[in-house]
Amino acid sequence: MSDITRRYSNQQLADLFTRIADLLEIKGEVVYKILAYRKAADSLTNLGRDVMDVWREGKLTEIPGVGKAIAEKIDELITTGKLGFLQKLESEVPPGLVDLLQVPDLGPKKAALFWKQLGVTNLAELEAAARAGKLRDLPGMGEKSEARILAGIEALSRRTTRTPLGKAWPFAQELLKLIREAQGVQAVEIAGSLRRMRATVGDIDLLAAAADSGPAMQALLSHPQVTRVMSQGVAKASVEFENNLRAQLWVHPPERFGTALQYATGSKDHNVRLRELALKRGLSLSDQAFLREDGSELLCAKEEEVYQTLGLPWIPPELREDHGEIQAALAGELPQVISVEDILADLHTHSTWSDGKLSIREMAKAARARGLKILAITDHSASLGVAGGLSVDEIQAQRAEIDAVQSELGDSIRLLQGCEVEIRSDGALDFPDEVLASLDIVIAALHSGLRQPRQQVTERMLSAIRNPHVDIIAHPTGRMIPNREGADLDIEAVFRAAAERGVALEINAHPSRLDLDDVLARRAVQLGIPLTINTDAHSEYDFDMLPFGVATARRGWVRAADVINAWGTDQLLGWLSRRG
DNA sequence: GCCGTTTTCGGCCCGACTGTTTTCAGTCG
């Protein structure tokens with residue numbers, strides 16, 4: 001085997017193959033080759049393992065969607081740091097053209113048209129050509145199309161990235177309420193990536209059931225914050241809001257709601273698989289209905305009926321990514337994924353002792369009101385000065401207050417004293433072992449030095465995991481959505497150490513973290529690592545972020561048995577006391 | 001370019017909407 005010239009992350013490789021797909025598409029290559037590159041890119045993003053490890057094992061072609069040709073390209077990249085195929089492609093198709101594909105309503109055919117007819121090679125040149133009125137005279141173009149592209153370019157500069165789940169969800173609830181109240185609306189549901197609970201969403205997809213689509217459509221279009229109506233038909237409309245969010249509403253008759261909801265929920269790849277399955281059964285599946293070979297329709301009012309018709313159990317939306325869920329469902333091996341009701345404890349919360357907004361008593365009451373049986377107060381340790389970290393003396397004083405609140409609240413909820421202890425930049429923990437030993441639960445976390453080199457930051461994490469008093473690693477990668485990537489951890493090494501020591505890794509439920517993410521959570525489960533889903537609550541409101549963490553776990557195929565705070569009280573307390 | 005209860009070649013999903021067109025191509029999800 002040749003040596004490594006350059007290390008690539010899964011995402012870097014995925015981005016390169018996406019780029020190849022974009023360039024090939026503009027070039028006019030056959031669609032299935034393009035789809036193959038996109039499939040490989042998606043597969044790499046969702047692999048859950050470091051592709052470098054897979055390469056080292058010589059098992060690249062075992063990655064779904066990676067065959068001989070793409071494996072050779074990955075190998076060439078790693079061993080030489082370059083890819084001849086891509087270099088040649090970029091000499092044939094100006095690389096700046098891929099940016100054009102970001103413009104709404106502008107796809108590869110038009111990008112090629114502007115390039116070949118007008119010599120446009122990047123976004124700036126396209127904008128200039130549009131302003132000069134040069135687009136409208138091209139074949140298939142007109143004044144409206146030109147204006148649309150210009151507006152799209154401007155929208156692009158306004159737009160940031162995808163919208164975090166935590167921002168899109170409450171706004172969608174507001175829209176849902178509005179549409180539900182419209183006349184004749186029998187049902188309305190969130191669909192798309194938001195229903196699948198992806199960490200970020202491109203837009204908000206909504207689906208309503210009504211015999212007459214008019215009132216539901218009108219309800220959306222008349223929302224006071226709508227700044228632009230992007231399309232508007234009988235069955236579908238899409239709009240943009242002041243906050244730059246976009247929403248899309250489909251309205252279908254109630255008797256067709258099942259197929260429509262299934263269709264609108266996606267993912268696209270999941271739907272493609274379902275349609276393939278339908279064809280094998282002599283049925284054609286669309287958002288409207290199943291079509292039999294004799295031309296008659298089979299309608300589904302409920303989504304369950306769509307799956308039933310295909311011989312499948314209903315598949316939870318969070319699993320619908322074509323990441324093996326259909327094969328698992330066919331084999332009767334779909335996991336019973338965890339639900340919010342399974343969570344009986346919150347093991348990572350803060351009080352006014354550090355940077356929380358509520359006292360221990362208030363936190364305990366808020367947790368109890370939400371049905372939790374156990375609450376761990378885990379304030380920050382001293383070196384996290386910005387968060388008012390506690391000194392050793394303060395930690396000891398805090399115990400008395402926790403005991404007092406415990407005796408006041410009796411058996412209604414069990415309080416644990418813990419700490420979110422800082423993993424210092426040299427890898428040492430913030431408190432001496434005897435202090436950690438006195439606590440009921442110890443969470444270790446990185447908050448600083450996240451940009452350290454891979455080996456250094458990984459070593460810090462490993463030394464924390466190896467400390468016998470550490471029970472949980474909070475938000476392991478330290479990513480912040482949408483702005484900060486996680487630390488450059490050798491996550492496989494972290495997983496190995498956690499599996500060996502039985503240390504639980506957290507899925508932090510806050511929508512700005514969701515860390516571990518779905519992909520890593522799934523890998524952790526495969527390795528038998530205990531997980532924990534916590535809110536990291538700093539206020540009462542934060543407790544309500546739990547569903548985001550649970551959804552992330554569901555996306556990672558996590559079952560209740562994999563999550564220590566979904567265990568029974570005795571089992572969890574037993575686990576903690578055995579760890580010491 | 002990938003893949004295999006259709007198996008080493010020949011397949012690889014479906015419809016709405018828009019703007020351009022007089023019947024369709026491009027884009028999107």
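Just so we're on the same page: letters track the sequence lines, and every chain starts at 1. Values reported hereafter were calculated over all heavy atoms of this structure, with side chains retained and with hydrogens, waters and symmetry mates removed.
In this structure, Y37(A) reaches the sugar-phosphate backbone alone: every heavy-atom distance under 4.0 Å involves primed, P, OP1 or OP2 atoms, never a base. Residue-level contact check: G65(A) touches the backbone only, with heavy atoms under 4.0 Å from sugar-phosphate atoms and none from bases. Within 4.0 Å (heavy atoms only), V66(A) reaches sugar-phosphate atoms of the nucleic acid but no base atom. Looking at heavy-atom distances under 4.0 Å, L106(A) makes contact with sugar-phosphate atoms alone, never a base.
Listed nucleotides: dC14(B), dT27(B), dG29(B). Nearest to the side chain of D203(A): dG29(B). In this structure, of dC2(B), dC17(B), dG19(B), it is dG19(B) that holds the atom nearest to the side chain of S145(A). Among the nucleotides dC2(B), dG19(B), dT27(B), the one closest to the side chain of K144(A) is dG19(B). The side chain of R148(A) approaches dG19(B) more closely than any other nucleotide in the set dC14(B), dC28(B), dG19(B). Closest to the side chain of K109(A), out of dG15(B), dT27(B), dC2(B), is dT27(B). Side-chain proximity of P108(A) to dG29(B), dT27(B), dC2(B): nearest is dT27(B). Closest to the side chain of K280(A), from the set dG29(B), dT6(B), dC12(B), is dT6(B). For K33(A), whose side chain is taken as the heavy atoms from C-beta onward, the closest listed nucleotide among dA16(B), dG1(B), dG29(B) is dG1(B). Of the candidates dT20(B), dC14(B), dG29(B), the closest approach to any side-chain atom of S286(A) belongs to dC14(B). Among the nucleotides dA16(B), dG19(B), dC17(B), the one closest to the side chain of D287(A) is dA16(B).
If you measure from atom CG of L35(A) to atom P of dG10(B), you get 20 Å, rounded to the nearest angstrom. Atom CD1 in I204(A) sits about 20 Å away from atom P in dC28(B), given to the nearest Å. Summarising the geometry, the separation between CZ on R38(A) and P on dG1(B) is reported as 15 Å, rounded to the nearest angstrom. Between the CD atom of E276(A) and the P atom of dG11(B) there is a distance of 14 Å, given to the nearest Å. Summarising the geometry, the separation between CD1 on I149(A) and C1' on dG26(B) is reported as 11 Å, rounded to the nearest angstrom. Going from atom CG of L44(A) over to atom C1' of dC2(B) covers 14 Å, rounded to whole Å. Following rounding to the nearest Å, W250(A) (CH2) and dC14(B) (P) show an atom-to-atom distance of 18 Å. To the nearest angstrom, P of dA16(B) lies 18 Å from CG of D105(A).
Across dC17(B) and dT22(B), the matching P atoms stand 22 Å from one another, rounded to whole Å. Taking atom C1' on both nucleotides, dG1(B) is separated from dT8(B) by 14 Å, rounded to a whole Å. Using P as the reference atom, dT6(B) and dG11(B) are 14 Å apart when rounded to the nearest Å. With both ends at atom C1', the span from dC9(B) to dC14(B) equals 26 Å, rounded to whole Å. When the P atom is used for both dT20(B) and dT27(B), the distance is 14 Å, rounded to whole Å. Rounded to the nearest Å, the gap between the P atom of dG26(B) and that of dT21(B) is 13 Å.
Salt-bridge formation is detected for the pair E90(A)/R19(A): a Lys NZ or Arg NE/NH1/NH2 atom is positioned less than 4.0 Å from an Asp or Glu carboxylate oxygen. Ion pair D50(A)/R7(A) flagged as a salt bridge, since at least one NZ, NE, NH1 or NH2 atom sits closer than 4.0 Å to an Asp/Glu carboxylate oxygen.
L106(A) and A111(A) make their closest contact through CD2-N, 3.7 Å (heavy atoms, listed as atom of the first residue, atom of the second, distance).
An aromatic stacking contact between Y32(A) and the base of dC2(B) is absent, as defined here by ring centres under 5.5 Å apart and ring planes under 30° from parallel.
Here the two rings, on H510(A) and F548(A), have centers that are 6.0 Å apart or farther.
Both tests do not hold together for K73(A) against F17(A): distance to the six-membered ring centre under 6.0 Å, angle to the ring axis within 45°.
Nearest-nucleotide assignment on DNA chain B puts the 5′-proximal partner with K236(A), out of K236(A) and L138(A). Nearest-nucleotide mapping onto DNA chain B: of K68(A) and D205(A), the residue sitting toward the 5' end is K68(A).
Using the Watson-Crick or G-U wobble rule with both distances under 3.5 Å, dT8(B) pairs with nothing in any strand shown.
For Q248(A), no side-chain nitrogen or oxygen approaches OP1 or OP2 of dC17(B) to under 4.0 Å. Under 4.0 angstrom from either OP1 or OP2 of dG1(B) there lies at least one side-chain N or O belonging to K73(A).
Between M141(A) and R136(A), the closest side-chain pair of non-hydrogen atoms is not below 4.5 Å.
A donor-acceptor pair is defined here as one N or O able to donate and one able to accept, closer than 3.5 Å; such a pair exists between the side chain of N271(A) and the backbone of Y263(A).
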